[in-house]
Amino acid sequence: MKARLLYLAYSLAVVAALAATSIANWRFGG
Amino acid sequence: LTKRRLPAISRFEIRFGWLVLLAFSAQLFVIYVGTGEAETFSRFIFPLSYVLLGAFVVLNWRHAGLLIIGVGLSLNFLAIVANGGLMPASPERLVAAGRADDLAGLELGEPVPNSKNVLLADDDTHLRFLTDRIEVAEESPFPLFSLGDLFIFAGLILTLLEILLSFSQGASRDRPSLT
């Protein structure tokens, strides 16, 4: 179960980074 | 006795996730740390980060959600490459999206601080229909977005559903059978 939770966290982190990097205009910071 | 299965890794398998993390880090570096006067460097890093993301999508083509994100990032990539390495936004669009503050002291053709945008007049923008033209609420983290971004949002929702579904199915497989 722990291994799967870790993999879930990794998958979500990769997908979040993919979205933030792909989206043309994420307003980073101020 | 009940046989206990070894915990299986979720069926949603992501390969080469480091490509995404590398692309993300490169963009954060350019946006936050900046490259000083070497603006050309920024205009090289942004398209390159999209190439890394494209490679990731191709290597994970079995996931429909990621493919849809791939369509969106390809559209954004086209707009960025066609306009010199950054996503164009016109002064009018930035003002309408509540980002008038960003325009202070900025000349046409200059990068907009803390963003992936370059300030360009509509007439000087190539592939205008693919650029940041859709305005939403001022307080949104995405006050202005592009057609490609819509695909990315849709692909993101599908991918999250796929991940969570795969995870919950894996969890139910792990429960001891009652029969």
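As a basis for the values below, the full set of heavy atoms in this structure was taken, side chains included, without hydrogen atoms, waters or symmetry mates.
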Exercise. Tell me, for B:Phe56 versus chain A, whether the close heavy atoms (under 4.5 Å) come from the side chain, the backbone, both or neither.
Key: side chain

Self-check item: chain A interface, residue from B:Leu73, B:Leu19, B:Val20 that has the most non-hydrogen pairs under 4.5 Å
Solution: B:Val20

Exercise. Specify the closest pair of heavy atoms between B:Ile163 and A:Ser11, including all atoms of both residues, with the distance to one decimal.
Key: CD1-CB, 3.9 Å

Quiz item: Can B:Leu161 be reached from B:Leu150 by stepping across I, L, V, M, F, W or Y side chains whose heavy atoms are under 4.5 Å apart?
Solution: no

Exercise. Taking the side chain as every heavy atom from C-beta outward, state whether A:Val14 and B:Trp18 have any pair of such atoms under 4.5 Å apart.
Key: no

Quiz item: Is the closest side-chain heavy-atom distance between B:Ile14 and A:Val15 below 4.5 Å?
Solution: yes

Self-check item: Common cluster, B:Phe16/A:Tyr10, ILVMFWY with side-chain heavy-atom separation under 4.5 Å
Solution: yes

Exercise. Check A:Ser22 against B:Asn76 and note the closest heavy-atom contact, atom names and distance.
Key: O-ND2, 2.9 Å

Quiz item: Going hydrophobic residue to hydrophobic residue with side-chain gaps under 4.5 angstrom, can you get from B:Leu108 over to B:Val112?
Solution: yes

Quiz item: Is there a path from A:Leu8 to A:Leu18 through hydrophobic residues (I, L, V, M, F, W, Y) whose side chains come within less than 4.5 Å of each other?
Solution: yes

Quiz item: Does some side-chain heavy atom of B:Phe167 sit less than 4.5 Å from a side-chain heavy atom of A:Leu5?
Solution: yes

Quiz item: Hey, does B:Leu160 have a side-chain heavy atom less than 4.5 Å from the side chain of A:Leu12?
Solution: yes

Quiz item: Roughly how far apart are B:Ile69 CD1 and A:Thr21 OG1, rounded to 0.5 Å?
Solution: 10.5 Å

Exercise. Group every Ile, Leu, Val, Met, Phe, Trp and Tyr by side-chain heavy-atom contacts under 4.5 Å, then state whether B:Val51 and B:Leu127 land in the same group.
Key: yes

